[in-house]
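Report on the following structure.
In the text below, chain A, chain B and the rest are named by the order of the sequence lines, each starting its count at 1. Please read all numbers here as calculations on a predicted model, not as lab measurements.
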2 protein chains.
Amino acid sequence: MTELAEVSCLCGKSSSCVVHNKAVCQAASPEAMAQLGRISHVREFPWGSVIQAQAEPCTIVGNVVDGVVKLSSASINGDDHIVGLLFPSDFFGRLFSDESRFSYEAATDVTLCTMNRPAFERFLGDHPAVEHEMLKAKLDELDAVREWAAITNGHTTMERIATLIYVFAKRSRNQHLNNFDAVHPVVHLPLSRRDIADYLGTTPETLSRNIQTLSRTKVIRILDAKHFELLDANELIRQSGESRGDLDKIVSS
Amino acid sequence: MTELAEVSCLCGKSSSCVVHNKAVCQAASPEAMAQLGRISHVREFPWGSVIQAQAEPCTIVGNVVDGVVKLSSASINGDDHIVGLLFPSDFFGRLFSDESRFSYEAATDVTLCTMNRPAFERFLGDHPAVEHEMLKAKLDELDAVREWAAITNGHTTMERIATLIYVFAKRSRNQHLNNFDAVHPVVHLPLSRRDIADYLGTTPETLSRNIQTLSRTKVIRILDAKHFELLDANELIRQSGESRGDLDKIVSS
DNA sequence: CGCGCCCTTGATGTAGATCAATAGAAGTGG
DNA sequence: CCACTTCTATTGATCTACATCAAGGGCGCG
């Protein structure tokens, strides 16, 4: 499943720490990292498994090492919607709350670095500098979520799809699976059409039609359902209805 | 403009502190409150004025004392969308960032308790307990924003409108303008139709039609464009497509 | 080989946007 | 205080993007 030779986590367990938790690693001293090492465990979750159910007591937090975790909310009438996607290096779990308002599910096979929530909360209490970084990370996340909300609200389906493909393209680059700046970078969509459609507030059918349109207009070339070659990045950006700068802000959530 | 005899703010300037900032007041010691008092100022902003422009250096933070502040994002093609509303006791401003990704505008005449951002950041650095409360508040806010995103995404316009009216009804109660539990509480919508429509991702026309439908079906009675009598709260909740519990979570953002 | 699961493509229906007009409300100046 | 402009809210008529319903088609897996 994983393209990484070694998994790693915010605890610094792996000597070649490919995945850092941005929030935590910046501020943690060597001793602090060692302490984290003692309370954290790397765990694998197969596709579709529930990491944390909605409205259940939440006991674990941590960060994504590999794969994609979807954050979703089920309303009373049964229809649930994806409200967020977590990629490697993203923090997951709900700190300082006994129950999670959302469910965390493995959208692909995932590798997580998990920690006992109360233990990590105690750790934060002992290390205000780390808690400070956590606050900054959450403020950035808040901006990114609002930015995304603005996109899903006011834009057409095509604009949303173009935006998401751009985000995936950049994410792929971050994971060094290919070079975004290459002539024709390959974009990998790790999720099912249903999940993507759900995240975008549309249907698999409309999503499919729009992807085919992008293919017909030579913006992308479809390799298979989950891999596209990005032929015309500028046109993709134009289709998204956002400036490149704004798009990049969403990625660096 | 204000129904409150005395304005007050997180600094505790007013002896009868009606409005507290939930995040800050909980954890601040008396000395800390005094220190806040020294760096904060109550300021009034007329309707429509820009408190903090998008992409401008952000210098002030604080909390809303009276009125409603809208948080909006303008995209490249000119259409801007409201991504959040701030009510009395809500914190505004972007901490730990030199520029704001959103603009803060007075949606009504507003009274704010403002502070110099760097000064408040220094204050937080000196008082980890307060910063801890700020983190918890932001985590709650993150959940609320995601919850709202799920609503605007997957639900019909009527469901969104019913949800928002419910939120305003509860907010009104919080401000003691009326009693939500009264037989027929009066709901006050302080915003223009355009702003509400924008926040809900719809148009003033459809908003108006749906409000008239709610009136025809005796869920509300329209007093004037900005004041409704809530005749059937249960039906309103049913129309929202959410459980009452979920709705209440949105309000206590 | 055949069953089941996604993805795609087609045909049809509809919620809500858009266009257009009117009616109030609120402010402005004489 | 009354014309006059201006802005917002409502109502009506039409149009369209997208959901929904309904088949196929490709691919993996037992």
Side-chain angles (χ1 to χ4, degrees), chain A residues 1 46-48 70 77-79 81 107-109 151-165 187-217 220-228 239 241, chain B residues 1 46-48 68 70 77-79 81-82 107-109 151-165 187-217 220-228 239 241:
Chain A
M1 175 202 84
W47 177 88
K70 60 180 182 182
N77 34 9
D79 55 334
H81 284 270
T108 64
D109 289 345
I151 288 166
T152 51
N153 241 308
H155 296 50
T156 65
T157 302
M158 181 54 103
E159 286 171 334
R160 294 180 226 174
I161 291 169
T163 304
L164 192 69
I165 291 175
V187 185
H188 176 217
L189 287 85
L191 305 174
S192 71
R193 289 282 189 274
R194 167 144 296 286
D195 279 347
I196 297 171
D198 192 352
Y199 186 47
L200 294 173
T202 182
T203 59
E205 293 94 325
T206 323
L207 175 60
S208 182
R209 279 183 245 275
N210 280 284
I211 289 173
Q212 299 305 321
T213 302
L214 286 175
S215 171
R216 247 178 288 112
T217 56
I220 58 170
R221 192 166 75 85
I222 299 171
L223 303 177
D224 65 61
K226 300 197 162 157
H227 295 87
F228 311 152
Q239 291 275 10
Chain B
M1 174 202 82
W47 177 88
V68 181
K70 60 180 182 182
N77 34 9
D79 54 336
H81 285 270
I82 296 178
T108 64
D109 288 345
I151 288 166
T152 50
N153 241 306
H155 296 51
T156 65
T157 302
M158 180 55 103
E159 286 171 334
R160 295 180 226 175
I161 292 169
T163 304
L164 192 69
I165 292 176
V187 185
H188 177 217
L189 287 84
L191 306 174
S192 70
R193 289 282 189 273
R194 167 145 298 286
D195 279 347
I196 297 172
D198 192 352
Y199 186 47
L200 295 173
T202 183
T203 59
E205 292 94 325
T206 24
L207 174 61
S208 183
R209 279 182 245 276
N210 281 284
I211 288 172
Q212 299 305 320
T213 303
L214 286 175
S215 171
R216 248 178 286 110
T217 55
I220 60 171
R221 192 166 75 85
I222 299 170
L223 303 177
D224 65 60
K226 299 198 163 158
H227 295 88
F228 310 152
Q239 291 273 10

Length of the line joining [X]:[atom1] and [N]:[atom2], which is rounded to integer Å:
X: Leu191(B); N: dA9(D); atom1: CG; atom2: C1'; answer: 15 Å
X: Leu223(A); N: dC27(D); atom1: CG; atom2: C1'; answer: 17 Å
X: Asn210(A); N: dC18(D); atom1: CG; atom2: C1'; answer: 9 Å
X: Ile196(A); N: dC7(C); atom1: CD1; atom2: P; answer: 8 Å
X: Lys226(A); N: dG26(D); atom1: NZ; atom2: C1'; answer: 14 Å
X: Asp198(B); N: dA9(D); atom1: CG; atom2: P; answer: 13 Å
X: Asn153(A); N: dA17(C); atom1: CG; atom2: C1'; answer: 14 Å
X: Trp47(A); N: dC29(D); atom1: CH2; atom2: P; answer: 13 Å

**Parallel, tilted or perpendicular: ring planes of His155(A) versus His81(B), cut at 30 and 60 degrees** =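 Judged by the thresholds at 30° and 60°, the geometry between His155(A) and His81(B) is tilted.
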**Prompt:** Is there a side-chain contact between Leu200(A) and Thr157(A) (heavy atoms, below 4.5 Å)?
**Reply:** no
**Euclidean distance, Glu159(B) CD relative to Asn210(B) CG, rounded to 0.5 Å** = 10.5 Å
**Prompt:** Can you tell me if the side-chain N/O atoms of Thr157(B) get under 4.0 Å from OP1 or OP2 in dG16(C)?
**Reply:**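 Affirmative; the distance criterion is met.
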**Request:** Would you tell me if any nitrogen or oxygen in the side chain of Arg194(A) comes within less than 4.0 Å of OP1 or OP2 on dC6(C)?
**Result:**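 The answer is no; no side-chain N or O of Arg194(A) sits under 4.0 Å from OP1 or OP2.
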Show me the protein contacts with nucleotides 11-13 of chain D, counting only N or O atoms at under 3.5 Å.
residue	atom	partner	partner atom	Å
dT11(D)	OP2	Gln212(B)	OE1	3.4
dG12(D)	N7	Arg209(B)	NH1	2.9
dG12(D)	O6	Arg209(B)	NH2	3.2
dA13(D)	N6	Arg209(B)	NH2	3.3

**Request:** Apply salt bridge (Lys or Arg N to Asp or Glu O under 4.0 Å) to Arg194(A) and list each qualifying residue two or more places apart in sequence or on a separate chain.
**Result:** none
**Request:** Would you classify Thr203(B) as touching base, sugar-phosphate or nothing, given that sugar-phosphate means primed atoms plus P, OP1 and OP2, and contacts are heavy atoms under 4.0 Å?
**Result:** base
